[in-house]
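Below: the structure, in structure tokens.
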Protein chains: 2
Amino acid sequence: MATKQYTGSPEDADLRRADSLARAIFSDVANKWAFLIIEALGERTLRFSELRNEVEGVSHKMLTQNLRMLERYGLVEREVHPTVPPRVEYTLTEPGQALRATVDGMCGWTHQYLGHIEAARRRFDA
Amino acid sequence: MATKQYTGSPEDADLRRADSLARAIFSDVANKWAFLIIEALGERTLRFSELRNEVEGVSHKMLTQNLRMLERYGLVEREVHPTVPPRVEYTLTEPGQALRATVDGMCGWTHQYLGHIEAARRRFDA
DNA sequence: CTGTATCCATATCGATACTG
DNA sequence: CAGTATCGATATGGATACAG
């Protein structure tokens, strides 16, 4: 994410574009709902309603909003079964699976350092 | 982050507490500013003003807010040099460094899949 | 069931002013 | 220089209603 000084040179234009896109992706994807959705989809394909149950506390709106965003970036694939009632399934794509690996890392980190963190928090709050 | 059904049994109380703390940490830390700050501090210790320059686009307020949060969880250490003008340095702790590894992973992921993502986004927007 | 749109309360954020 | 406090503008998110 090194986003520092550019010269005015024309060949920097591409770098600047790539950087700004990278930053946009980073800003959109680095939020808790997206992460929790990716984590849930890591196990298996899920329907909309299943996701609502799996991702504890997510609202209808946040779920659709984040699913659209993830779909837009090609991180999840949306498959509509034209039945009635409709059935829509969400699956992680390969880039999505790759991202999931890093989210998994963060989940592991959270549990590994839970003790440290809880202690630090108590110390700080005192 | 598996946060599913609990029985009413008393021994589940600890699990529930741990889970809710883990979720709180996750919710607080999984935001772009925290990530970008951690990323910047990964290289070396930085002062407040240096961080403002390194973390492009962060406001005074967001920077202090996130630094406090990271300090509270024991992810960064704040060292005040009682000089005048004051000099405050921020350093990643060991848990912070560990988290940085996963954030690095996400940065790497972003750049690796930039092409895929940009293509997907264009397809979606059309 | 899935998805969009709307309303409305609250949270977020940037700008600014001010203190040690 | 570092940090807090305040104030508006804006975004976020939940609840609800409705459509395919």
Side-chain angles (χ1 to χ4, degrees), chain A residues 3 20 23-38 40-41 44-73 75-92 124-125, chain B residues 3 20 23-38 40-41 44-73 75-92 124-125:
Chain A
T3 306
S20 101
R23 182 60 170 273
I25 296 163
F26 201 86
S27 296
D28 287 345
V29 173
N31 86 71
K32 63 171 176 171
W33 292 130
F35 278 10
L36 291 170
I37 290 168
I38 287 166
L41 288 177
R44 61 191 179 87
T45 292
L46 291 173
R47 316 178 45 167
F48 185 86
S49 53
E50 291 173 323
L51 273 169
R52 277 211 72 176
N53 295 330
E54 294 291 323
V55 181
E56 170 166 319
V58 74
S59 70
H60 190 131
K61 185 179 179 177
M62 287 301 99
L63 186 53
T64 49
Q65 204 164 92
N66 278 277
L67 282 171
R68 282 313 149 265
M69 181 270 289
L70 293 172
E71 189 191 354
R72 187 167 107 106
Y73 287 144
L75 272 42
V76 303
E77 194 196 314
R78 179 170 178 271
E79 190 178 2
V80 182
H81 297 83
T83 57
V84 39
R87 173 191 188 79
V88 183
E89 296 189 322
Y90 293 93
T91 313
L92 246 39
F124 186 95
D125 288 346
Chain B
T3 305
S20 103
R23 182 60 171 274
I25 296 163
F26 200 87
S27 296
D28 286 345
V29 173
N31 85 71
K32 62 171 176 173
W33 293 130
F35 278 10
L36 291 169
I37 290 169
I38 287 166
L41 289 176
R44 61 190 179 88
T45 292
L46 291 173
R47 316 178 44 169
F48 184 86
S49 53
E50 291 173 321
L51 273 168
R52 277 211 72 174
N53 296 330
E54 293 291 323
V55 180
E56 169 167 320
V58 74
S59 70
H60 190 133
K61 185 178 179 177
M62 287 302 98
L63 186 53
T64 49
Q65 204 165 94
N66 279 277
L67 282 172
R68 283 311 149 265
M69 181 270 289
L70 293 172
E71 190 192 353
R72 188 167 107 104
Y73 288 144
L75 272 41
V76 305
E77 194 195 314
R78 180 170 177 270
E79 191 177 2
V80 183
H81 297 83
T83 58
V84 37
R87 173 190 189 76
V88 183
E89 296 189 322
Y90 293 92
T91 313
L92 284 186
F124 186 94
D125 289 345

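Please read these numbers as outputs of a predicted model, since none were measured by experiment. Chain naming here is simple, since letters A, B, ... match the order of the sequence lines and numbering starts at 1 in each.
The side-chain contact (heavy atoms from CB on, under 4.5 Å) search around A/Arg78 returns A/Arg68, A/Glu71, A/Val80, A/Val88, A/Tyr90, not counting sequence neighbours. In terms of the salt bridge (Lys or Arg N to Asp or Glu O under 4.0 Å) criterion, residue partners of A/Glu89 (sequence neighbours excluded) are, by chain and number, A/Arg87. In terms of the side-chain contact (heavy atoms from CB on, under 4.5 Å) criterion, residue partners of B/Ser49 (sequence neighbours excluded) are, by chain and number, B/Arg47. Under the side-chain contact (heavy atoms from CB on, under 4.5 Å) criterion, A/Thr91 pairs with A/Thr45, not counting sequence neighbours. Residues passing the salt bridge (Lys or Arg N to Asp or Glu O under 4.0 Å) test with B/Arg72, sequence neighbours excluded: A/Asp125. With sequence neighbours excluded, the residues satisfying side-chain contact (heavy atoms from CB on, under 4.5 Å) with B/Asn31 are B/Trp33, B/Ala34, B/Asn66, B/Met69. Listed by chain and number, the residues in a ring pair (Phe, Tyr, Trp, His ring centres under 6.0 Å) with A/His81 amount to none (sequence neighbours excluded).
The nearest whole Å value for the distance from the NE2 atom in B/His81 to the C1' atom in D/dC1 is 13 Å. When rounded to the nearest whole Å, the span between CD of B/Glu50 and P of D/dG3 equals 13 Å. To the nearest angstrom, C1' of D/dT4 lies 14 Å from CG of B/Leu63. Between the NZ atom of A/Lys32 and the C1' atom of D/dT12 there is a distance of 11 Å, given to the nearest Å. Whole-Å rounding puts the B/Arg68 CZ to D/dA5 P distance at 11 Å.
In plain terms, the two heavy atoms of A/Lys32 and B/Ser27 that are nearest each other are CD-OG, 3.2 Å. Of all the heavy atoms in B/Phe35 and A/Ala30, the pair that sits closest is CD2-CB, 4.0 Å.
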* Would you mind building the protein contact string for nucleotides 14-20 of chain D? One character per nucleotide, 5' to 3', B for base within reach (heavy atoms under 4.0 Å), S for sugar-phosphate only, - for untouched. => BB----B
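From one end of the helix from C/dC1-D/dG20 to C/dG20-D/dC1 to the other, with five pairs defining each end axis, the axis direction shifts by 40° (rounded to 10°).
Nucleotides of DNA chain C lying under 4.0 Å from heavy atoms of chain A occupy a range whose first and last members, 5' to 3', are C/dC1 to C/dC7.
For the pair B/Arg87 and D/dA2, the criterion of a side-chain N or O lying under 4.0 Å from OP1 or OP2 is not met.
Using a 4.0 Å heavy-atom distance criterion, A/Arg52 is classed as making no nucleic acid contact.
For the atom pair CG (B/Leu36) and CZ (A/Phe26), the distance works out to 5.0 Å, reported to the nearest 0.5 Å. In this structure, CG on A/Leu70 lies 5.0 Å from CD1 on A/Ile38, to the nearest 0.5 angstrom.
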